[in-house]
Structure formats: structure tokens, C-alpha cells
Amino acid sequence: MRLYNTLSRRVEDFRPSAGNLVRMYSCGLTVYARGHIGNFRTFTCIDALRRTLRYQEGFEIRQVMNFTDVDDRTIAESQKAGVPLREYTDRFIAAFLEDSATLGLERPEAMPRATDEANLRAMTGMIQQLEANGHTYRSDGSVYFKISTLPQYGRLSHLDVAGIKAGARVDADKYSKEDARDFVLWKAAQPGEPTWDFGVGPGRPGWHIECSAMALRLLGEPPIDLHAGGVDLVFPHHENEIAQAEGATGRPFSRFWMHVEFLNLDQEKMSKSLGNIFTVPDVLQRGYRASALRYLYLSVHYRKQLKFTWESLDQAEEALTRLMDFLARLDTVTAPGGHAAVAARVAEARRAFADWMADDLNTAGALGVMFELVRAMNAAIDAGEVGAPDAAVIREAFDEFDRVLGFITLRRAEEATPPVPVETIERLIEERRIARRQRNFAEADRLRAELEAQGILLEDSPTGTRWKRK
RNA sequence: GGCGCCGUCGCCAAGUGGUAAGGCAGAGGUCUGCAAAACCUCCAUCCCCGGUUCAAAUCCGGGCGGCGCCUCCA
């Protein structure tokens with residue numbers, strides 16, 4: 001497929017370097033708080049990429065996504081809460097996994113935590129390699145990466161020294177660094193902070209080292225095929241990951257870099273430090289379904305900022321409902337016989353869909369294909385030109401689309417647990433059917449209103465009554 | 001100060017040289033006990049100015065407006 005590579009700033013052909021296995025790493029969450037819907041935009045887009053590579057392009061995937069469970073904030077917040085670090089971060093890992101499941105994210109093959117001993121040892125091992133290669137210096141017991149020893153530093157972010165020095169904001173410099181852009185690999189032990197000693201002195205890892213070390217430990221020889229994350233990670237995080245991995249191994253770190261743009265709220269990015277955040281549970285509490293949020297995420301290209309508003313979530317709910325209504329309508333098609341025209345139209349849509357997805361993950365374009373097919377097939381059903389075998393072919397196509405996009409499966413799962421038990425709904429529908437047959441419309445309307453008050457809509461048609469959530 | 005992105009119908013959003021996908025909302029219609037729902041149909045010349053070209057929303061230049069990175073951050 002074609003994929004934009006931040007390294008080259010161009011769309012390039014993507015395929016694994018060897019064989020059929022895509023080795024990808026994506027930066028996960030720093031687990032000092034619950035992830036917000038901006039974070040999950042990134043994770044959802046990466047999930048869509050993963051699924052496209054897997055189901056559409058036919059590659060095998062080995063994806064590693066980390067949890068940063070030690071840094072200034074996790075330490076500070078756990079202390080504030082009076083809970084041991086590990087126990088504190090456990091909570092937000094659990095919350096992350098819950099929200100991921102709610103949004104239908106596929107589970108990466110590995111989700112390492114920075115503070116697991118094997119990972120810490122991988123980090124200190126890498127730091128020792130960097131020391132041996134002359135890329136480091138020590139100061140007050142901390143180990144720093146000296147960027148002047150790496151000529152290619154800055155290639156990813158295209159930032160030069162001049163630009164940074166002219167900037168209004170210069171590093172506050174909590175630690176004594178020789179150059180403002182040097183960064184810490186290992187922070188010397190501080191009183192009251194968790195400390196490990198695996199060969200580079202007592203202390204804890206700097207933020208960037210974990211990703212370089214865990215990526216290579218869990219994915220094997222560099223270069224890996226793909227590294228992904230939010231745009232804000234381009235600098236300094238990913239730039240520093242490259243410096244560490246390449247300084248240690250002397251080889252390129254990752255062939256492709258993929259970055260997802262921000263989700264904005266009120267004209268500015270949603271971020272914990274700005275305090276303008278909503279979480280997945282917040283969205284659910286407002287009565288929206290996760291499937292709608294997933295749809296909203298995928299309705300905008302991943303390299304464009306997404307302006308989040310409740311109105312756009314409403315629109316996503318409605319759009320997804322149209323899709324679900326169409327799929328439900330397919331189930332009412334019972335006429336025998338298949339039609340070549342339908343098969344041809346469906347095949348065309350499948351091709352177009354795959355083309356859009358393979359073109360730098362153009363999910364918005366792919367959605368357009370789905371709706372065009374919906375309209376064409378609705379018209380064909382109206383004209384009596386769709387038989388049950390055709391319906392099966394159409395269903396199959398949507399199953400294929402959804403293996404990549406995922407919101408239909410998600411909505412079906414949500415529908416399986418409506419606010420009113422399914423047995424109750426079906427019993428009331430049956431009572432209403434009898435009332436209607438006896439032309440007792442007052443009773444029929446009462447039953448309909450009763451269900452609607454509980455969030456269930458009824459839809460009458462010649463083939464019976466269907467229900468759905470409001 | 002440096003680097004980068006964006007500005008398409010009331011709203012959301014594809015399209016990046018060949019004459020504007022799709023969704024929401026709206027209008028009209030079909031169906032229906034009614035209402036709803038569903039379905040169909042209709043609904044834009046692309047922020048402004050200038051240039052290149054047979055041809056530009058798409059390329060170039062200049063404006064205006066918005067966002068981001070350069071600092072923890074998805």
C-alpha cells in the first residue's frame with residue numbers, strides 16, 4: 001500500500017523489508033491518567049492501519065505498543081494518591097484496555113511496560129552500547145545522550161540548532177546538560193523515587209530510551225518496518241528514539257514513520273495539560289455509542305486535524321445508523337435468484353474501497369464508497385432487482401469493509417445489549433402486533449411509546465417490525 | 001525567530017491539473033392505521049487577489065484567517 005512517511009515527507013510504497021511479516025511499533029500511553037479521546041484517535045487510526053495491512057494487504061503483523069509506567073508524572077501522581085507506582089499505573093492500564101475494547105481496537109501482539117525487568121535491562125544494555133560508542137556523558141550520576149556525536153540528528157523533525165536557539169522558549173534545564181537538546185538516558189536516583197540498578201548506576205530510565213530498547217528487544221534486528229504515534233511525538237520523542245537506536249546499533253531504526261494528527265476541541269488540541277479533555281466514558285455517559293466515536297475518527301483522514309464537536313458525533317451516529325438500516329433491510333430480501341448487475345456493482349465497490357484504503361489510509365474516501373453502494377443497492381431493492389443470493393454477496397462485502405473499519409461489528413455488539421432486555425422488547429412487539437391486528441391502535445401506540453421512552457425505536461414494514469436503539 | 005499543516009454546500013468531509021465523492025441537516029415524493037422510521041429524488045464551482053496552462057479547488061506568487069511543532073504531551 002501507499003503510506004506517508006514522515007522521514008521522507010512523501011507518500012511511499014509500503015511493504016515489509018523481508019517476507020510477509022510487518023514489524024511495527026506504536027507509542028502507547030503514559031499511564032498517569034485515563035487516556036482521552038484525542039489519545040484514542042491516534043490509537044484508532046493505527047488500529048485501522050494495522051487492520052488494513054493485515055486483512056486487506058495480507059501481511060502478518062507483529063505490533064508492539066508500550067505503556068510508559070515510569071516518568072515524572074506517573075511518579076508525582078502516584079505519590080499524590082499515596083499509592084505505590086506499580087499499583088497506580090495498573091489502574092490506568094486497566095482503563096486503557098477497557099477503552100480499547102470499547103472502541104474495538106485489536107490487541108497488539110505485545111504491550112510491554114517500561115518497568116518490567118527485562119525491559120529495564122534492555123534499556124541499560126542499550127545505554128552501555130551508547131557509552132561504548134561514545135554518544136554519552138555523565139553528569140551528577142545521570143547519563144545523557146550527546147547529540148553532537150550524531151550528525152544525522154534532526155532528520156525526522158527537520159529541526160536545526162539555529163531554529164531552536166532563536167526560539168523564545170529555551171529548556172528550563174532541571175538537569176545540567178551540555179547542550180540544550182541533549183537528553184537524559186538514565187536519571188540518577190532521587191530520594192523517594194523508584195530506582196533500579198542494572199549496570200549504569202542507580203536511577204530510572206529517561207522517557208525516550210524505553211521505546212528504542214523495547215522495540216528492538218521485541219521486534220528484532222533493525223530496521224523495523226514501521227513506527228507510529230501522534231504528531232506531537234515527532235520531536236523530541238521519535239527523534240531521540242532514532243538517535244538512541246542508531247547510536248547503539250549503527251543501523252537505521254525504522255523504515256517508515258507514521259504520525260496521526262491531533263483531535264482538537266474548541267480550536268485547540270485536546271490535552272491533559274490544557275485540561276480540555278473528554279474520555280471514552282465521558283462520551284458514553286452523554287448517550288453516544290463508541291461505534292459512533294470510532295466512525296467519527298475514521299471519517300477524517302488521519303493526517304488532518306479533527307475538530308471534535310458533539311454535533312459531529314451526532315452526525316456520525318446518524319451516518320452509522322444509515323449503514324445499519326441498510327444491512328437490516330438486506331435481511332428482508334427473500335426473493336430467489338442472483339443478479340449479475342448486483343455482483344458487478346459490489347465487485348466495483350470492493351475494488352474502490354481497497355484502493356482508497358491502500359492510498360495512504362484514506363478512510364473518508366472508503367466511507368464514500370460504502371454509502372454509494374448503499375444507495376445503489378437500496379434503489380436496486382426498490383426495483384426488485386436483488387435476490388437473497390445477492391444479499392449474501394452484499395453482506396460479504398460489508399463484512400470485508402468492516403474487518404478494516406470495525407464500527408459495524410462494534411455497533412452490532414452494542415445492539416446485543418440494549419437498555420431493555422431483548423426478550424422484553426420482543427414480547428412487547430408481539431403484543432403490539434396483536435393489538436394492531438385487532439385495530440386497537442391506541443394500545444399499539446401506547447406500547448410503541450413505552451419502548452421509545454426506554455430508548456427503543458420501532459420500525460414497521462411489510463415484513464414485520466424491527467427495533468433499534470434510539 | 002525557525003519549521004510545518006490547513007481554509008471545499010448551513011454543518012462534517014473526500015478530491016491535489018481535465019471540468020466538485022460521501023454523510024448530517026433541509027426540501028419534495030413513495031410507503032404507512034396514524035405517527036415515526038425506512039427508501040428514492042433534489043440541493044456547492046472550491047477564503048481573496050494575481051500568475052502559469054488548451055484546461056486549476058488542484059501548480060506558482062501575494063494577501064487574509066485557523067491550527068500545530070520547536071517544552072511534558074497521542
Taking only side-chain nitrogens and oxygens of A/Thr30, does any of them come within less than 4.0 Å of OP1 or OP2 of B/A74?
yes
A/Pro151: partners by side-chain contact (heavy atoms from CB on, under 4.5 Å), with sequence neighbours left out:
none
Measure from CD on A/Glu261 to C1' on B/G66 and round the result to the nearest Å.
13 Å
Pairs satisfying salt bridge (charged side-chain N to carboxylate O under 4.0 Å, His left out), at least one member in residues 445-456 of chain A, at least two apart:
A/Glu443-A/Arg446, A/Asp445-A/Arg448, A/Arg446-A/Glu450
Under 4.0 Å between any heavy atoms, over every strand shown, what does A/Gly368 touch: base, sugar-phosphate, or nothing? Just pick one.
base
According to side-chain hydrogen bond (donor to acceptor under 3.5 Å, both in side chains), does anything in residues 345-358 of chain A pair up with another residue at least two apart or in another chain? List the pairs.
A/Arg350-A/Glu400
Look through every strand shown and name the nucleotide pairing with B/G17 as Watson-Crick or G-U wobble, where both distances are under 3.5 Å.
none
Atom pairs, protein N/O to nucleotides 10-14 of chain B N/O, distance under 3.5 Å:
from	atom 1	to	atom 2	distance (Å)
B/C11	O2	A/Gln315	OE1	3.4
B/C11	O2	A/Gln315	NE2	3.0
B/C12	O4'	A/Gln315	OE1	3.4
B/A13	OP2	A/Lys307	NZ	3.4
B/A14	OP1	A/His301	N	2.7
B/A14	OP2	A/Lys304	NZ	3.1
B/A14	O3'	A/Asn362	ND2	2.9

Could I get the full list of side-chain hydrogen bond (donor to acceptor under 3.5 Å, both in side chains) partners for A/Arg51, not counting sequence neighbours?
A/Asp47
Determine which pairs satisfy salt bridge (charged side-chain N to carboxylate O under 4.0 Å, His left out) with at least one residue from residues 22-32 of chain A, sequence neighbours left out, and list them in order.
none
For A/Thr42, what residues pass the side-chain contact (heavy atoms from CB on, under 4.5 Å) criterion, not counting sequence neighbours?
A/Ile46, A/Val260
Report which part of the nucleic acid A/Gly229 touches: base, sugar-phosphate, or nothing (heavy-atom distance under 4.0 Å, all strands).
sugar-phosphate
Taking atom P in both B/A14 and B/C59, compute the distance separating them and give it to the nearest angstrom.
16 Å
Is the count of non-hydrogen atoms from other residues, nucleotides or ligands lying under 6.0 Å from A/Arg9 atom CZ greater than 12?
yes
Pairing residues for A/Ser299 by the side-chain contact (heavy atoms from CB on, under 4.5 Å) criterion, not counting sequence neighbours
A/Tyr295, A/Leu296, A/Leu367
Determine the interatomic distance between C1' on B/A38 and the same-named atom on B/C5; round to the nearest Å.
41 Å
Looking at every strand, decide which applies to A/Phe262 at a 4.0 Å heavy-atom threshold: base, sugar-phosphate, or nothing.
base
Heavy-atom contacts, protein to nucleotides 32-38 of chain B, under 4.0 Å, summarised as B (base), S (sugar-phosphate only) or - (none) per nt, yield -BBBBBS
What contact category does A/Ile381 fall into here, base, sugar-phosphate, or nothing, at under 4.0 angstrom with non-hydrogen atoms?
nothing
Between B/G65 and B/C49, how many Å separate the two C1' atoms, rounded to a whole number?
15 Å
Which residues in residues 95-109 of chain A have a heavy atom closer than 4.0 Å to any atom of RNA chain B?
none
Over 12 foreign heavy atoms within 6.0 Å of CZ, A/Arg107
no
Contacts of A/Gln454 that satisfy side-chain hydrogen bond (donor to acceptor under 3.5 Å, both in side chains) - sequence neighbours left out:
none
C1' spacing across the pair B/C3 / B/C42, given as an integer number of angstrom
46 Å
Against the side chain of A/Asn39, the closest entry in B/A74, B/C40, B/C67 is B/A74
Using the C1' atom as the reference point in each nucleotide, state the distance between B/U58 and B/G15 in Å, no decimals.
9 Å
Counting heavy atoms from C-beta on, name the nucleotide in B/G68, B/U41, B/C3 closest to the side chain of A/Arg375.
B/U41
Give me the distance, rounded to whole Å, that separates B/G26 from B/G61 when you measure between the C1' atoms they each carry.
40 Å
With rounding to whole Å, what would you report as the distance between B/U8 and B/G4 at their P atoms?
23 Å
Please work out whether the ring planes of A/His227 and A/His238 are parallel, tilted or perpendicular, with thresholds of 30° and 60°.
perpendicular
By side-chain hydrogen bond (donor to acceptor under 3.5 Å, both in side chains), which residues pair with A/Ser26, not counting sequence neighbours?
A/Gln63
Is A/Gly35 touching bases, backbone alone, or none of the nucleic acid, heavy atoms closer than 4.0 Å?
nothing
